[in-house]
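All remarks here apply to the structure that follows.
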Amino acid sequence: MRLMFSLIFLVLSVVLSAGNNSKVWRSNGVEVWFIADNNLPMLDLSLVFDAGSIREGKNQGLAKLTNSMIFTGCGNNLESDVAKLFEASGASNSADSEYDFAKVSLRVLTERQYLEPALAAYTQCLSEPRFSMKSLSKVRSILAAKWRENQKDPIYLAMGNLKKQFYPNHAYGRFTNVAPKKMSEIKLESINSFYRAHYNRANAKLILVGDLSDQQAHKIADKITASLLKGAPLPKLPKIKPGLLKSANIYLPNQVQDTFVLALPGLAISANGSLALDIANQPLASGALSSRLMQQLREKYGFTYSISGLMRQRKLAGEYYILFKSRPKVSDKALSVAQQTIENYLHTGASAKEFEFAKKAMINEYKYSSSSNYGLMQDLVATAGVSLGLDWYQSYPERVNKISLEKINKVFADMYAKVKPVIVRVINAK
Amino acid sequence: MKKLLLTLALMSNVLYGYPEFFQGKLGNGLRILVLPKQTYPNALVQVWYGVGSKDEIDGHTGLSHILEHMMFTGTKDTKDFTARVDQVGGSHNATTSYDYTNYYESVPPENIADFLRLEADRMQNLELTSDGIKNELKSIVEERMMRIDNNLSAKLYEQAMAALHMRGPYHHMIIGWMSDIKGTKTNDINDWYKKWYAPNNALLVVAGPVDANEIFKLANNYFGSIPAKTLPERTIRQDIALTTNINFTLSSKSFAGDTVVMSFLAPSLVAAANEKDCYALYLLACILVNGKNSILYHDLVDAGIANAVSSYYDMARQYNTNINFEFKLKNANNKAQALAKFFANIKKIAKGDIDSELLKRTRAMITADDVFEQDDFMALVFSLAKYSIIGLEPENRFKFASKIAAVSKDDLKFVARKYLLSGMYSQQFMKGE
């Protein structure tokens with residue numbers, strides 16, 4: 001019996017590479033990343049599927065809705081039965097869907113009495129999902145409530161406006177949770193077929209972080225991957241046609257501050273220069289007190305509480321946003337100071353000192369993030385979700401250190417040279 | 001220096017399965033907490049002061065938070081604290097709470113001594129200027145607008161808490177009332193700083209790849225000579241038991257949906273006559289709203305009355321506090337039904353009608369969460385320091401799961417009756433338009 005297990009083990013698991021405490025291999029065709037961490041008796045695991053909203057085609061909201069239906073029933077278990085299986089082990093199960101990917105996760109103690117039933121429930125939910133009309137109705141209602149809440153959030157509204165302008169007729173041009181009317185048009189059959197086409201071995205990566213031996217990790221991986229449908233590779237994604245950008249005002253009741261989002265196109269995550277752009281954002285708009293925008297708008301003028309730049313980098317495209325809020329009395333001045341500060345930064349570029357500090361801060365942030373299983377898992381899911389490898393993530397400090405000051409200043413200036421930033425402003429509706 | 005080092009006692013607390021930590025105290029009263037973790041990439045340096053919004057009086061609310069902002073404006077020797085952090089690629093921030101104010105840096109371990117020196121410096125040598133304060137107040141006004149005034153739910157909650165804690169120390173929000181913020185004078189902040197920022201009202205925390213003995217020596221070196229102060233005597237303002245329920249109803253286009261929040265006065269670990277009440281109340285809230293098999297998820301969400309149910313209760317407070325239950329309704333007409341179900345279930349619990357299986361699963365979730373929470377070392381350090389600054393032994397943090405396990409059905413019955421049925425409540429009803 002033992003011998004047979006070893007043979008199966010060899011066939012199912014093909015080792016691809018190995019790091020210090022990390023291993024990569026294939027299990028039933030699925031790439032597995034395992035990072036051993038024996039500090040606490042717990043395991044985090046996530047299956048990352050190529051099932052984000054970029055895969056939903058014209059069925060707006062289908063990716064989010066499908067993902068939200070996972071754990072609402074499987075085999076003969078109703079939603080509450082499924083929940084009981086996890087709760088009894090103290091395990092925490094979750095699912096989420098983004099633009100580029102969807103994930104299904106589990107956090108559980110590694111003592112056998114907890115681990116085994118939780119893994120069995122997790123595996124069953126993925127292999128034998130049972131999506132019912134009752135659950136669909138409940139999930140729709142919860143997502144609709146969230147959507148309505150978002151319609152009252154000025155930043156959400158401004159970002160929504162910009163997304164639409166950036167990517168008309170593309171999934172990146174809308175939020176993953178779409179309007180309730182669109183959600184109500186999605187049929188149960190569509191959810192079932194989206195699930196079958198995307199939540200399968202051909203489109204999955206499995207990530208394990210925690211207190212397991214190599215042997216345990218292989219065994220768990222094999223069990224999970226074997227339970228998934230085989231599936232088929234998905235078609236290549238078409239390129240995005242960028243839209244024309246225009247500044248806009250949005251009116252919202254009861255606003256005592258104006259909300260500003262300044263935006264322009266950035267780079268996709270794997271594009272040459274994407275990391276350089278990230279570094280270039282730090283001295284200008286990291287959100288730290290020392291950034292140039294904070295120094296000007298907050299420290300010098302007291303126009304805002306916080307201002308920060310967000311480099312959004314996804315699989316197919318990216319954008320750059322600068323966000324802040326300011327009281328109406330001074331908001332025009334605040335905008336003008338922000339624009340002038342950006343102009344000055346483009347003129348001078350980051351200084352050698354700012355560049356050094358930025359690199360150090362980013363590497364330290366990376367170290368901090370990867371110091372907890374939770375933070376590490378978040379990072380790895382985001383990496384796997386945009387089809388990049390574990391090596392890419394682990395080489396982050398090295399890649400940051402390799403970039404030159406000239407490079408970051410050039411890519412940042414190039415970004416601004418292509419298009420003038422547009423401004424979306426959310427103002428009180430009188 | 002040696003004279004001041006009177007009670008530097010190295011106390012190791014190793015509890016099974018939990019990280020090791022050490023505590024000590026300098027002669028000037030500065031308490032020290034060290035959590036070594038050799039695999040952690042950065043050193044965490046924190047100074048916590050035992051002063052927060054609970055200590056403020058009417059007309060001067062928000063002072064602790066304003067002072068927190070001003071602590072970054074510099075001393076004679078260090079004009080720019082932030083620049084020092086940037087130089088080493090570190091990160092830093094501060095928070096003000098009801099019970100405390102803390103300052104924290106995450107820096108490379110080789111820079112620990114520098115930041116101990118900087119923290120010791122700003123504990124005693126802060127330079128405040130009228131212009132600096134005038135300017136900082138503008139950004140604090142913006143912060144208040146962002147957190148509260150631009151958010152009707154937060155505004156309503158602020159008023160509801162002021163009514164529920166009519167006279168108690170948690171009467172006002174941490175950031176303070178807008179008119180108080182705007183009316184703050186340089187002297188107010190200076191006085192606040194001089195009154196409360198003293199080694200005998202502070203806790204130094206160092207964590208990460210460190211040696212506890214080394215840290216105690218460094219702490220003594222930099223903080224040991226700072227004289228203790230006579231701290232102001234605190235007049236504890238006790239909450240008044242409400243004679244009637246207070247209902248706040250607000251309709252607005254700013255609300256996306258219809259939400260009802262029920263707030264009850266509740267005990268804290270420090271102030272409770274019997275700390276068991278806190279654990280029982282926590283467990284009670286969990287069986288009501290945690291997870292898809294919780295009582296109210298079943299009765300409200302599964303039954304189509306609400307889209308979400310949740311609760312909030314922070315028992316690690318210095319004074320008696322509040323417990324909140326929030327129901328995001330499917331529509332405003334469901335409010336009466338939701339509240340009827342809520343109180344019917346509380347009454348059932350008060351009679352001892354409690355599902356043993358649900359209780360078992362809920363305890364399993366809490367036990368597991370207790371381990372999961374240790375995954376984030378920085379959060380764990382904050383949690384232990386919080387316990388310590390409010391006057392609890394840090395190891396209590398590690399007894400959480402066992403205390404929950406010791407809660408009986410009788411305890412649940414008792415707290416359901418005492419805190420949720422006998423007392424009055426504040427109800428906030430937000431209706432979307």
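All chains are named by letter (A, B, ...) in the order of the sequence lines, taking the proteins before the strands, and each is independently numbered beginning at 1.
The contact between B/Thr39 and chain A is made entirely by side chain atoms (from C-beta outward), counting heavy-atom distances below 4.5 Å. Proximity to chain B is absent for every atom of A/Tyr114, based on heavy atoms less than 4.5 angstrom apart. Neither the backbone nor the side chain of A/Glu365 has a heavy atom closer than 4.5 Å to any heavy atom of chain B. Neither the backbone nor the side chain of A/Ser137 comes within contact range of chain B, judged by heavy atoms closer than 4.5 Å. Using a 4.5 Å cut-off between heavy atoms, B/Tyr40 contacts chain A through its side chain alone, with no backbone atom that close. Contact annotation for A/Lys134: neither backbone nor side-chain heavy atoms come within less than 4.5 Å of a heavy atom of chain B. Within the 4.5 angstrom heavy-atom criterion, only backbone atoms of A/Tyr301 (N, CA, C, O) approach chain B. Both the backbone and the side chain of A/Asn254 have a heavy atom closer than 4.5 Å to some heavy atom of chain B. Residue B/Arg363: no heavy atom, backbone or side chain, is found under 4.5 Å from chain A. At a 4.5 Å heavy-atom cutoff, the contact between B/Asp375 and chain A is made by backbone and side-chain atoms alike. Heavy-atom distances place both the backbone and the side chain of B/Val301 under 4.5 Å from chain A. Neither the backbone nor the side chain of B/Ser91 has a heavy atom closer than 4.5 Å to any heavy atom of chain A. For a residue to count as touching a neighbouring chain, one of its non-hydrogen atoms must lie under 4.5 Å from one of that chain's; by this rule B/Thr362 does not touch chain A. Within the 4.5 angstrom heavy-atom criterion, only side-chain atoms of B/Tyr297, from C-beta onward, approach chain A. Looking at A/Gln151, neither its backbone nor its side chain comes within 4.5 Å of chain B, counting heavy atoms on both sides. Residue A/Ala288 does not touch chain B at all, counting heavy-atom pairs closer than 4.5 Å. For chain A, the nearby parts of B/Lys292 are the backbone and the side chain; heavy atoms of each come within less than 4.5 Å. Residue A/Thr304 touches chain B through its backbone alone, counting heavy-atom pairs closer than 4.5 Å. Looking at A/Val108, only its backbone comes within 4.5 Å of chain B, counting heavy atoms on both sides. Residue contact with chain B, scored on non-hydrogen atoms closer than 4.5 Å, involves the backbone and the side chain of A/Lys367 alike.
Heavy-atom minimum distance, B/Asn293 versus A/Glu87: ND2-OE1, 3.2 Å. Pairing each heavy atom of B/Gly304 with each of B/Lys330, the nearest pair is O-CD, 3.1 Å.
For the set A/Ser141, A/Ala144, A/Ala88, A/Ala358, the count of heavy-atom pairs under 4.5 angstrom toward chain B peaks at A/Ser141. Ranked by non-hydrogen atom pairs under 4.5 Å with chain B, the options A/Lys300, A/Glu79, A/Arg107 are led by A/Arg107. Contacts with chain B were tallied for A/Ser80, A/Ala429, A/Pro41, A/Ala145; A/Ser80 has the most, counting heavy-atom pairs under 4.5 Å. For the set A/Asn150, A/Asp37, A/Val330, A/Leu289, the count of heavy-atom pairs under 4.5 angstrom toward chain B peaks at A/Leu289. The candidate from A/Glu149, A/Gln257, A/Lys353, A/Glu299 with the greatest count of non-hydrogen atom pairs under 4.5 Å with chain B is A/Gln257. Interface remark: of the candidates B/Arg144, B/His69, B/Glu357, B/His69 forms the most heavy-atom pairs closer than 4.5 Å to chain A. Top candidate by heavy-atom pairs under 4.5 Å with chain A, chosen from B/His92, B/Met145, B/Lys253, is B/Met145. Comparing B/Lys328, B/Lys37, B/Met146, B/Lys134 by how many heavy-atom pairs each has under 4.5 Å with chain A, the most go to B/Met146. No other option in A/Arg327, A/Lys359, A/Met362, A/Met42 has as many heavy-atom pairs under 4.5 Å with chain B as A/Arg327.
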>> Assess the residue pair B/Glu142 and B/Ser139 against the criterion (side chain to side chain donor-acceptor pair (under 3.5 Å)); give the C-alpha distance rounded to whole Å, side-chain angles, the decisive distance to 0.1 Å, and a yes or no.
In response: CA-CA 5 Å; B/Glu142 292 286 348; B/Ser139 73; over 6 Å; no

>> Would B/Asp258 and B/Asn331 count as a side chain to side chain donor-acceptor pair (under 3.5 Å) here? Give the steps.
In response: CA-CA 6 Å; B/Asp258 308 299; B/Asn331 67 63; over 6 Å; no

>> Does B/Asp86 form a side chain to side chain donor-acceptor pair (under 3.5 Å) with A/Ser290? I'd like the steps, not just the answer.
In response: CA-CA 8 Å; B/Asp86 287 347; A/Ser290 53; 2.4 Å; yes

> Would A/Asn428 and A/Val256 count as a side chain to side chain contact (heavy atoms under 4.5 Å, CB included) if you check the C-alpha gap in whole Å, the side-chain angles of each, and the deciding distance to 0.1 Å?
Replying inline: CA-CA 7 Å; A/Asn428 185 39; A/Val256 298; over 6 Å; no

> Given the rule in the salt bridge (Lys or Arg N to Asp or Glu O under 4.0 Å) test, do A/Glu356 and A/Lys360 qualify, once you have shown the distances and angles that lead to the verdict?
Replying inline: CA-CA 6 Å; A/Glu356 279 312 308; A/Lys360 277 185 187 172; over 6 Å; no

> For B/Phe372 and A/Tyr374, what are the C-alpha separation, side-chain angles and deciding distance, and is it a ring-ring contact (aromatic ring centres under 6.0 Å, His included)?
Replying inline: CA-CA 9 Å; B/Phe372 299 156; A/Tyr374 177 82; over 10 Å; no

>> With salt bridge (Lys or Arg N to Asp or Glu O under 4.0 Å) as the criterion, how do B/Asp114 and B/Arg84 come out once you've worked through the C-alpha distance, each side chain's angles and the decisive distance to 0.1 Å?
In response: CA-CA 9 Å; B/Asp114 296 338; B/Arg84 299 299 184 93; over 6 Å; no

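Under 3.5 Å, the side chains of B/Tyr103 and B/Arg122 contain no donor-acceptor pair of N or O atoms. A donor-acceptor pair shorter than 3.5 Å can be found between the side chains of A/Ser22 and A/Gln394. Side chain to side chain, A/Asp258 and A/Ser326 fail the donor-acceptor criterion of an N or O pair below 3.5 Å.
One finds the OG1 atom of A/Thr72 at 11.5 Å from the CG atom of A/Asn77 (value rounded to the nearest 0.5 Å). Rounding to the nearest 0.5 Å gives a distance of 5.5 Å between OG of A/Ser372 and CG of B/Asp376.
In summary, B/Glu136 and A/Arg298 engage in a salt bridge, as defined by a charged side-chain N under 4.0 Å from a carboxylate O.
The ring of A/Phe303 has its center no closer than 6.0 angstrom to the ring center of A/Phe324.
Geometric assessment of A/Arg148 against the ring of B/Phe255 yields a negative cation-pi assignment under the 6.0 Å and 45° thresholds.
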